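In this chain, numbering begins with 1 at the start of the sequence shown. All figures in this text were calculated on a predicted structure; none of them were measured in a lab.
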Amino acid sequence: MVPAITLDPRLPSYLKQKTNNTVDHHQQQENFVIEEIEGLIRVYKDGRVERPQIVPCVTAGAADPELGVTSMDIVIDRFTNVSSRFYVPIRRDMNNPMKKLPLLVYFHGGGFCVGSAAWSCYHEFLAKLAAKAGCIIMSVNYRLAPEHPLPAAYEDGLRSLVWLKQEASCERGGEEESNQWWSTQCDFSRIFLVGDSAGANMAHNVSRKLLCSETSLLPLIIKGVILVQPFFGGEDRTSSEKNHDMVQPRRRSVLNQAASDTYWRLALPAGSNRDHPWCNPLANGSCFGSDSVAMMVCISELDILKDREFEFCGAMVRAGKKVETVVYRGVGHAFQVLDKSMLAQTRCQEMITHIKAFVENN
């Protein structure tokens, strides 16, 4: 006869506690933050991404009525859910009311990881730009990393232009009657690619891809590219990157070296470093595209990226490209959308004036 075995009465609670500890440990591992830019983005080990709404989003049509600009959101790719917000000036040139308006295809900033065409700061800036510069603006709401690392954003930019080509090619100016409120007023032979920060990187790389491949977008004609504080990088640090935190007032620039490096780790393809051509346009084998397209580069004096942007402009000029460089004194990265100081507002008005002149002269 097998003798009875007496279990320790504490065993069930011990096993339960051990199981709970194992579960808790697993949950702690899954909740471990692997990348973070404080207040903007947090990436967890299990792939979850959190983006605190640090900037409020606004609906289309919410622009200041005194500007005389109307806006509307249009889905341009239902599969990827990419959309664009269009801004159209209501007030026209009384001397030539039938004159069609140039179109600016705009890519917002945010290190490829944050930002939205619906952010209030972009909505206000682009409504003002459309009114003051007398142009239609198509602000693309592209997919973000790390869920969609590069080249997803570039693909969305290219897809936006293909969609625009289809709109321009339609006999009535738009595939859908609802699009005619902007398309019938648009001069499709005067297209400008524009962006700030990561959006400027997009404008450069999208135009480079188009021009190097000689892809036809007719009847669209790209007349110029405007890069506002383009978000470039590289493994070797420039002087403005090395000395930014020591020399420049932190309050005047929203981008620092740590944030810049984190954005690139999240955005670039796995295994890439900051000398990838999408990050470093001066890397070997980079193509600058056709010299027939004019370019303007807007640089902020207190921007951490300042030296890298000057190097880019110098390389473009040496390659025979037409480049206009404008420097904004006393302000930092993204001042035109995030800095509300009187100086920044003055510089913002100057930037709008420069963009208007560039568009009119090209």
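- A donor-acceptor distance shorter than 3.5 angstrom exists from the side chain of T262 to the backbone of A258, with no hydrogens or angles considered.
- A distance of 6.0 Å or more separates the ring centres of H204 and F231.
- K132 has no carboxylate O lying under 4.0 Å from a charged side-chain N of E350, or vice versa, which leaves the two without a salt bridge.
- Counting heavy atoms from C-beta outward, K128 and I352 have side chains that approach closer than 4.5 Å.
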Can you check side-chain contact (heavy atoms from CB on, under 4.5 Å) on Y87 and W182, steps first, answer last?
CA-CA 8 Å; Y87 299 85; W182 69 267; over 6 Å; no
For R51 and E147, what are the C-alpha separation, side-chain angles and deciding distance, and is it a salt bridge (Lys or Arg N to Asp or Glu O under 4.0 Å)?
CA-CA 12 Å; R51 294 181 179 87; E147 301 96 323; 2.7 Å; yes
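- Here R274 pairs with D261 in a salt bridge; the nearest charged N to carboxylate O distance falls below 4.0 Å.
- N280 places no side-chain N or O within donor-acceptor distance of the main-chain N or O of H276, the cut-off being under 3.5 Å.
- Of the inter-residue distances, the one linking L266 atom CG with W264 atom CH2 reads 11.5 Å to the nearest 0.5 angstrom.
- Looking only at side-chain heavy atoms (C-beta outward), C113 and L144 stay at 4.5 Å or farther from each other.
- Environment of NZ in K165: crowded, with over 12 heavy atoms of neighbouring residues, nucleotides or ligands closer than 6.0 Å.
- Of the possible polar contacts, one joining the S341 side chain to the A344 backbone as a donor-acceptor pair under 3.5 Å is found.
- Remark: R42 engages E36, E50 in a side-chain hydrogen bond (donor to acceptor under 3.5 Å, both in side chains) (not counting sequence neighbours).
- Ring centroids of Y44 and F32 are separated by 6.0 Å or more, keeping the two rings apart.
- Put simply, the side chain of L129 reaches to within 4.5 Å of the side chain of L104, judged on heavy atoms.
- Note: I355 CD1 to E360 CD = 12.0 Å, rounded to the nearest 0.5 Å.
- The pair E35-R265 counts as a salt bridge, with a side-chain nitrogen and a carboxylate oxygen less than 4.0 angstrom apart.
- At distances below 3.5 Å, at least one donor-acceptor pair connects side-chain atoms of D156 with backbone N or O atoms of R143.
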side-chain contact (heavy atoms from CB on, under 4.5 Å) for V82 and R159? Distances and angles first, verdict last.
CA-CA 9 Å; V82 172; R159 178 68 187 91; over 6 Å; no
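- Residues F192 and I221 fall into different hydrophobic clusters, defined by Ile, Leu, Val, Met, Phe, Trp and Tyr side chains chained together at heavy-atom separations under 4.5 Å.
- At least one side-chain heavy atom of S160 sits under 4.5 Å from a side-chain heavy atom of V140.
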Applying salt bridge (Lys or Arg N to Asp or Glu O under 4.0 Å) to R308 and E241, what does each step give before you reach the verdict?
CA-CA 9 Å; R308 199 170 292 281; E241 291 171 339; 2.8 Å; yes
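- Put simply, NE2 on H123 and OG on S116 are 11.5 Å apart, with the number rounded to the nearest 0.5 Å.
- How far OG of S83 is from CG of D77: 10.5 Å, rounded to the nearest 0.5 Å.
- Heavy atoms only, all atoms of each residue included: G332 and S300 are closest at O-OG, 3.2 Å.
- At distances below 3.5 Å, not a single donor-acceptor pair connects side-chain atoms of S71 with backbone N or O atoms of F86.
- For the pair E309 (side chain) and I299 (backbone), a donor-acceptor distance under 3.5 Å is absent.
- Of the possible donor and acceptor atoms, one in the side chain of R190 sits under 3.5 Å from a partner among the backbone N and O of V359.
- A salt bridge links K340 and E124; the closest N-O separation between the charged side-chain nitrogens and carboxylate oxygens is under 4.0 Å.
- With a 4.5 Å cut-off on side-chain heavy atoms, Y142 and H108 count as touching.
- Judged by distance alone, the side chains of D196 and Y106 do bring a donor and an acceptor atom under 3.5 Å apart.
- Of the inter-residue distances, the one linking L193 atom CG with F107 atom CZ reads 6.0 Å to the nearest 0.5 angstrom.
- Expressed to the nearest 0.5 Å, how far CG of L268 lies from CG of N273 amounts to 8.0 Å.
- Put simply, the side chain of P269 reaches to within 4.5 Å of the side chain of W278, judged on heavy atoms.
- Listed for the D303 side chain is no donor-acceptor partner under 3.5 Å among the backbone atoms of K306.
- Using a 4.5 Å heavy-atom threshold, the side chains of I304 and K242 count as separate.
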